[in-house]
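Each remark here refers to the structure printed beneath this line.
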Amino acid sequence: MDTPELLSLNKFNVDEKEPHIKIKKEICAGCTEKPCLVVCPAGLYRLDQDGDISFDHAGCLECGTCRIMCRHKGAIEWQYPRATFGVTYRFG
Ligand code: SF4
């Protein structure tokens, strides 16, 4: 199995009311490196047509990598999902 196939085994209960990760696009706009584009294992950070970061918390693996790798304080507001929401890992 390749990585996308393995990831597709997981189940997600997406909290549509309270995203557990929020980004401040005005801070992201001043970031030249944008490590979030390459470190997120789920590929949830993208550049839109205007060159701005776009992000969707659905599919988040809750690894915390984006929070650790971002050097711009306040750009990413990160917390675990509320109870019953988020990823449920399923192996094989
Ligand atoms: S916590 Fe991990 S999977 Fe979720 S958005 Fe950040 S890097 Fe991607």
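For ligands, and for the atoms within them, numbers begin at 1 and follow the listed sequence.
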Do any pairs count as a ring-ring contact (aromatic ring centres under 6.0 Å, His included) and have a residue in residues 27-46, sequence neighbours left out, and if so which ones?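 Only Tyr45-Phe55 qualify under ring-ring contact (aromatic ring centres under 6.0 Å, His included).
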So which pairs with a foot in residues 1-25 pass side-chain hydrogen bond (donor to acceptor under 3.5 Å, both in side chains), sequence neighbours left out?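 For residues 1-25, and leaving out neighbouring residues, the side-chain hydrogen bond (donor to acceptor under 3.5 Å, both in side chains) pairs sorted by first residue read Asp15-Arg82.
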For Ile27 and Ala75, work out which heavy atoms get closest and say how close.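 Heavy-atom minimum between the residues: CG2-CB, 3.6 Å.
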Going by the salt bridge (Lys or Arg N to Asp or Glu O under 4.0 Å) test, which pairs reach into residues 51-80, not counting sequence neighbours?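 The answer is Glu33-Arg71.
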Can you measure from SG (Cys28) to NZ (Lys34) and round to the nearest 0.5 angstrom?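 Reported to 0.5 Å precision, the distance equals 7.0 Å.
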Nearest-0.5 Å distance that lies between atom SG in Cys60 and atom CG in Leu44: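 So the gap between those two atoms works out to 6.5 Å.
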Numbered atoms of ligand 1 (with element) below 4.0 Å of Tyr45, judged on heavy atoms: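 Taking each heavy atom of Tyr45 in turn, ligand 1 has 5 (S) under 4.0 Å.
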I want to verify a count. Protein N, O or S atoms less than 2.8 Å away from atom 4 (Fe) of ligand 1, how many are there?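 If we list every protein N, O or S atom nearer than 2.8 Å to atom 4 (Fe) of ligand 1, we get 1.
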